[in-house]
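Sharing a structure here in structure tokens format.
Sequence lines set the chain letters: A, B, ... in the order given, protein chains first and strands last, and positions in each chain run from 1.
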Amino acid sequence: MSGDHSHNEDQIDCGSRVNSHRHKYKEHKHKDHKKDKEREKLKHGNDHASDKKHRDKDKMKHKDGSTDKLKDKHKEKKIKVLDGKIKKEKENGFAHVKCEPDDDFYHSPKHEKSLKRERDDDEYDFKSKKVKTENDKKDKKRKQMEDIKPKKTKDKKGETADGKKKAKKEPEEKWKWEEERYTDGVKWKFLEHKGPVFAPPYEPLPSKVNFYYDKAMRLSPEAEEVATFFAKMLDHEYTTKDIFRKNFFKDWRKEMTSEEKAKITDLKKCNFSEMSDYFKAQSEARKAMSKEEKLKIKAENERLLQEYGFCIMDNHRERIANFRIEPPGLFRGRGDHPKMGMLKRRIRPKDIIVNCSRDSKHPQPPPGTKWKEVRHDNKVTWLVSWTENIQGSIKYIMLNPSSRIKGEKDWQKYETARRLKKCVDRIRTQYRDDWKSKEMRIRQRAVALYFIDKLALRAGNEKEEGETADTVGCCSLRVEHLKLYPENDGQEYVVEFDFLGKDSIRYYNKVPVEKRFQVFKNLQLFMENKEPDDDLFDRLNTSILNKHLQELMDGLTAKVFRTYNASITLQQQLKELTNDENVPAKILSYNRANRAVAILCNHQRAPPKTFEKSMQNLQTKIEAKRDQLSDAKRELKSAKADAKVRKDEKSKAVETKKKAVQRIEEQLMKLEVQATDREENKQIALGTSKLNYLDPRISVACKKWGIPVEKIYNKTQREKFAWAIDMADEDFEF
DNA sequence: CGCCCGACTTAGCACGCGCCAC
DNA sequence: GTGGCGCGTGCTAAGTCGGGCG
């Protein structure tokens with residue numbers, strides 16, 4: 001395009017910067033250099049220099065430790081907010097429970113009684129689409145969903161690929177995913193549950209187990225408990241890290257009596273080894289328990305699950321995801337987390353906010369205790385919440401992914417991504433045009449969006465410095481995270497990305513970018529006259545970006561691009577790959593397609609500890625199988641010869657041998673496929689994309705290649721994707 | 001109108017259960 | 001019956017995003 005130079009850089013309207021120059025908490029090392037190095041090799045060939053470079057940078061960045069004071073301020077604010085929140089009890093906790101007598105999909109033996117309440121037929125007539133008065137966004141969204149809903153019971157216009165009827169199914173038995181949902185942010189009308197399960201109380205150590213500080217020393221129960229947290233982690237690398245030790249010691253001292261505090265002044269002098277040995281012995285003992293004992297524990301767990309692991313939301317008994325409160329312990333942040341090692345406090349009933357319907361049987365706090373609050377807010381989905389003491393954030397107990405409320409949200413997410421599919425070309429054209437805008441903020445927005453689209457980067461919200469590990473996403477990229485090469489390895493206009501993303505997973509990538517469309521030139525411009533730790537996009541943040549995206553398409557946000565690109569990639573890759581003849585090869589193809597997505601989204605994992613070994617085992621197996629095969633072939637040959645001699649044209653022996661050869665060949669192939677698959681998978685995690693980014697209906701549609709869903713999804717996954725399995729046909733198109 | 005926080009999704013890792021080979 | 005190991009599952013940290021408030 002000739003527009004390349006139509007705007008002189010000097011003319012750019014600079015406006016004011018969104019983000020001022022920032023002094024970051026300066027200490028970002030990589031979580032595990034060795035790991036990174038390997039990963040890098042795997043993914044990007046051989047850039048050996050970069051790891052070292054990173055390490056050097058880390059050293060450079062140590063001078064500034066300026067942010068500690070922020071914390072107190074931070075805390076103050078939190079308290080205020082908490083106070084304010086108590087007032088805001090909602091008035092909409094009403095509930096009418098209906099009972100669906102024929103609904104045996106969610107069989108609920110225990111709770112049948114609570115289900116048998118008055119039926120309010122009118123209200124639950126979800127076929128009649130009464131659109132209420134609300135005109136808010138959510139309502140709009142809902143309407144969009146309705147348009148593309150598969151209509152099983154009443155087929156309107158078969159507008160969508162998945163809109164076909166499935167007569168064979170009995171929709172009455174299952175959750176009706178196309179049921180009319182509530183409007184105006186109401187998430188449920190009836191919610192009943194038993195509350196959380198608390199962590200077991202601390203059991204003091206037997207008197208023979210000692211803690212040593214110079215000499216044996218008995219700790220107060222409070223101090224002892226915290227000491228055991230540390231003792232249990234002694235084998236972990238964490239306990240060697242300075243920040244971890246510092247934070248731990250500081251918080252531990254808070255739990256000590258004044259005598260203990262006076263005495264124990266140096267963590268280095270603390271000897272936890274006896275405690276540590278004791279716990280190791282305990283865990284051994286647990287493993288060595290008799291069958292009966294193990295069974296007993298299992299039964300007890302099952303009982304707890306049955307009692308606390310389910311709730312009733314509207315007229316269904318639904319599984320709760322995490323009904324156990326997180327036990328106390330030492331905080332294990334990921335990457336270089338400034339708070340690692342801090343004490344994660346024990347959560348008590350008085351910390352707990354319970355959410356349920358007004359007319360439900362309220363969960364009871366343990367005898368002699370009280371909940372912090374019981375509220376009836378049906379505009380949220382959580383059952384229980386509490387505020388965690390490390391970051392001051394709120395933790396929730398919510399439903400399992402198999403639940404209606406989560407499934408529907410999931411479905412909606414993919415529908416939004418499919419809507420993006422319809423207008424992505426338009427959006428791409430627009431951001432390309434915007435690269436040439438005379439407004440700096442628009443150029444930045446356009447380049448950022450390009451990265452988000454092309455590289456599937458995360459949005460990149462700002463983070464509070466010094467509160468978390470120093471990680472970034474697209475909008476929060478800093479100058480130091482990019483390198484520009486006008487020419488690199490024979491390619492023109494290469495951008496090298498090197499930064500830590502979510503969970504401090506390294507993103508390293510070299511990408512050639514469009515010069516004629518000015519990406520490269522824009523980047524040079526954005527980086528001009530800036531320090532390494534200045535923001536690359538200084539006139540952009542996620543809020544600005546998402547507001548813009550919202551204008552381009554209703555419901556569009558940065559993360560929709562990840563979903564869209566992941567799902568569309570899977571679909572394309574599957575079309576390219578799946579022309580193999582047998583099922584195992586097809587599964588391999590599926591996994592490869594899945595892998596392409598995982599690579600796109602940078603979903604990595606540490607190579608499994610047992611990787612080398614298990615690979616060897618597999619090779620041994622393969623060789624054994626090969627031997628077996630040649631044996632079988634030999635036998636077949638001799639059987640054939642034998643049959644010829646005896647002129648026995650339909651020799652049974654020959655037939656059986658033939659079958660044996662075939663079977664072994666199949667087994668061998670299966671093993672070989674498995675080996676390839678595993679090797680390719682060494683450092684790539686497929687699970688995350690499979691669970692969160694790939695429209696499950698694409699996988700369901702793999703029926704058309706003869707791949708049954710069971711081969712792709714295990715039981716839990718099938719439960720999570722019940723909605724997709726229920727509604728998608730083999731001709732589903734994302 | 002920016003910032004803060006509540007609600008919800010997405011993320012990797014540890015651990016232990018159950019299955020398979022012997 | 002046992003031992004090893006691979007996978008599923010639970011756990012909880014760390015993101016995204018929107019709404020409300022000052």
Side-chain angles (χ1 to χ4, degrees), chain A residues 18 31 74 77-78 80-82 84-85 88 136-138 185 187 236 283 286-287 291 294 297-298 301 305 309 321-327 329 331-335 337 339-340 344 353 355 377 379-382 385 387-388 390-396 398-401 405-406 409-410 413 458-464 467-469 471-476 500-505 541-547 549-550 555-560 562-563 566 598 601-606 608-611 613-614 617-618 621 624 674 678 685 687-689 691-693 714-717:
Chain A
V18 172
K31 199 185 190 177
H74 180 70
K77 274 180 200 159
K78 288 269 152 68
K80 271 186 217 156
V81 173
L82 286 176
K85 223 170 63 180
K88 94 177 189 193
D136 68 342
K137 251 192 300 176
K138 266 161 203 151
K187 303 288 172 37
H236 204 287
S283 104
R286 222 173 305 129
K287 272 181 214 157
K291 219 183 228 163
K294 278 186 184 168
I297 292 174
K298 214 180 153 186
N301 276 333
L305 173 68
N322 55 326
F323 58 91
R324 286 169 204 275
I325 300 275
E326 298 172 18
F331 176 75
R332 306 154 81 122
R334 315 233 170 105
H337 198 118
K339 297 190 171 183
M340 63 166 79
K344 213 172 92 170
I353 302 174
N355 192 32
D377 182 355
K379 292 209 165 64
V380 297
T381 67
W382 53 267
S385 75
T387 301
E388 151 268 3
I390 304 286
Q391 326 261 11
S393 68
I394 308 169
K395 300 249 182 174
Y396 303 94
M398 290 184 186
L399 295 195
N400 199 60
I405 210 156
K406 295 286 182 188
K409 201 81 191 297
D410 210 31
K413 172 181 80 185
R458 294 187 186 83
N461 283 310
E462 291 122 295
K463 304 168 79 188
E464 209 164 343
E467 295 288 306
T468 58
T471 63
V472 298
C474 186
C475 294
S476 50
L500 298 182
K502 182 175 179 179
D503 292 323
S504 293
I505 294 291
N541 61 35
T542 52
S543 157
I544 296 173
L545 180 65
N546 281 333
K547 267 185 200 127
L549 292 176
Q550 190 59 238
L556 187 61
T557 64
K559 85 190 189 67
V560 179
R562 256 167 98 80
T563 313
C601 295
N602 201 39
H603 291 142
Q604 302 189 25
R605 62 165 182 174
K609 282 180 189 111
T610 54
F611 185 82
K613 206 174 163 194
S614 80
N617 287 350
L618 203 54
K621 265 193 197 167
Q674 207 187 339
R678 198 179 295 174
T688 305
S689 48
L691 246 42
N692 299 302
Y693 288 104
N714 67 29
K715 190 165 158 283
T716 314
Q717 292 164 340

Practice item. Report which part of the nucleic acid A/K547 touches: base, sugar-phosphate, or nothing (heavy-atom distance under 4.0 Å, all strands). Key: nothing
Review point. Which nucleotide in the set B/dT9, B/dG18, B/dA11 lies at the smallest distance from any side-chain heavy atom of A/K406?
Key: B/dT9
Review point. Distance check: side-chain N/O of A/Y693 vs OP1/OP2 of B/dT9, anything under 4.0 Å?
Key: no
Review point. Starting at the 5' end of DNA chain B, which residue's closest nucleotide do you reach first, A/R332 or A/Y396?
Key: A/Y396
Point to revise | Whole-Å distance separating the CD atom of A/E464 from the C1' atom of B/dC5 | key: 11 Å
Study note, to complete from the structure: A/I394 atom CD1 is separated from B/dC8 atom C1', nearest whole Å, by 11 Å
Exercise for review: Ignoring backbone atoms, establish whether A/K187 has a side-chain N or O less than 4.0 Å from OP1 or OP2 of B/dC8.
Suggested key: yes
Check your understanding: How is A/P401 classified with respect to the nucleic acid when contacts are heavy atoms under 4.0 Å: base, sugar-phosphate, or nothing?
Key -> nothing
Review point. Starting at the 5' end of DNA chain B and moving along, which residue's nearest nucleotide shows up first, A/S543 or A/T688?
Key: A/S543
Check your understanding: Which residue, A/G473 or A/K715, contacts DNA chain C at a nucleotide closer to its 5' end, judged by nearest heavy atom?
Key -> A/K715
**Study point:** Contact under 4.0 Å: A/R334 side-chain N or O vs B/dT10 OP1/OP2
**Key:** no
Exercise for review: Compute whether any side-chain donor of one residue and acceptor of the other, for A/K463 and A/T471, lie under 3.5 angstrom apart.
Suggested key: yes
Review point. Side-chain N or O of A/K559 less than 4.0 angstrom from OP1 or OP2 on C/dC17?
Key: no
Check your understanding: Of A/L399, A/I394, A/D377, A/I353, which is the lone residue that meets side chain to side chain contact (heavy atoms under 4.5 Å, CB included) with A/W382?
Key -> A/I353
Practice item. Give A/A321 one of three labels, base, sugar-phosphate or nothing, depending on what nucleic acid heavy atoms sit under 4.0 Å from its own. Key: nothing
**Study point:** B/dC8 OP1/OP2 closer than 4.0 Å to side-chain N/O of A/T381
**Key:** yes
Point to revise | N or O in side chain of A/T557 less than 4.0 angstrom from C/dT16 OP1/OP2 | key: no
Revision key, fill the gap. Testing C/dC17, C/dA13, B/dG12 for proximity to the side chain of A/A459, the answer is C/dC17
Point to revise | Side-chain N or O of A/K413 closer than 4.0 Å to phosphate OP1/OP2 of B/dT10 | key: yes
**Study point:** OP1 or OP2 of C/dA14 under 4.0 Å from side-chain N/O of A/S504
**Key:** no
Practice item. Round to a whole Å and report the spacing from CG of A/N692 to P of B/dA11. Key: 6 Å
Practice item. Quickly work out the A/N400 CG to C/dG8 C1' distance and round it to whole Å. Key: 14 Å
Check your understanding: How would you label the contact of A/K294 with the nucleic acid (heavy atoms, under 4.0 Å): base, sugar-phosphate, or nothing?
Key -> nothing
Study note, to complete from the structure: Result for 5'-nearest mapping on DNA chain C, choosing between A/F323 and A/G460, is A/F323
Check your understanding: Less than 3.5 Å between a donor and an acceptor, one on the side chain of A/K502 and one on the base of B/dT10, is that the case here?
Key -> yes
Exercise for review: Counting heavy atoms from C-beta on, name the nucleotide in B/dA7, C/dG15, B/dC13 closest to the side chain of A/K463.
Suggested key: C/dG15
Review point. Is the backbone of A/K395 close enough, under 3.5 Å, to the side chain of A/E388 for a donor and an acceptor to pair up by distance?
Key: no
Practice item. Check whether any side-chain heavy atom of A/N541 lies under 4.5 Å from a side-chain heavy atom of A/E462, and answer yes or no. Key: yes
Point to revise | Distance-minimising heavy-atom pair for A/A469 and A/R334 | key: CB-O, 3.7 Å
Review point. For the pair made of CZ in A/F331 and P in C/dT12, what is the distance, rounded to whole Å?
Key: 12 Å
Check your understanding: Does C/dA13 have OP1 or OP2 sitting under 4.0 Å from an N or O in the side chain of A/K395?
Key -> yes
Check your understanding: Does OP1 or OP2 of C/dA13 have a side-chain N or O of A/H337 closer than 4.0 Å?
Key -> no
Exercise for review: Calculate the interatomic distance between A/K298 atom NZ and B/dC17 atom C1'; express it in whole Å.
Suggested key: 8 Å
Review point. Is A/T542 touching bases, backbone alone, or none of the nucleic acid, heavy atoms closer than 4.0 Å?
Key: nothing
Check your understanding: If you measure only the distance, is there a donor-acceptor pair under 3.5 Å linking the side chains of A/T542 and A/N461?
Key -> yes
Exercise for review: Rounded off to whole Å, could you give me the CG-to-C1' distance for the A/L545 and C/dG18 pair?
Suggested key: 14 Å
Check your understanding: So, is A/N546 close to the C/dC17 phosphate, meaning a side-chain N or O under 4.0 Å from OP1 or OP2?
Key -> yes
Review point. What's the CG-P distance between A/L691 and C/dC7, to the nearest Å?
Key: 16 Å
Check your understanding: Using a cut-off of less than 4.0 Å, is there contact between a side-chain N or O of A/Q391 and OP1 or OP2 of C/dA13?
Key -> no
Review point. Can you tell if the side chain of A/R562 reaches within under 4.5 Å of the side chain of A/C601, non-hydrogen atoms only?
Key: yes
Review point. Using 4.0 Å as the upper bound for N to carboxylate O, is an ion pair formed by A/E467 and A/K339?
Key: yes
Check your understanding: With respect to the phosphate group of B/dA11, does any side-chain polar atom (N or O) of A/R458 fall under 4.0 Å of OP1 or OP2?
Key -> yes
Check your understanding: Counting just side-chain N and O atoms, does A/K287 come under 4.0 Å of either OP1 or OP2 of C/dT2?
Key -> no
Review point. Which of the following nucleotides, C/dT12, C/dC11, B/dC8, is nearest to the side chain of A/R324?
Key: C/dC11
Check your understanding: Contact class for A/N714 (heavy atom, under 4.0 Å): base, sugar-phosphate, or nothing?
Key -> sugar-phosphate
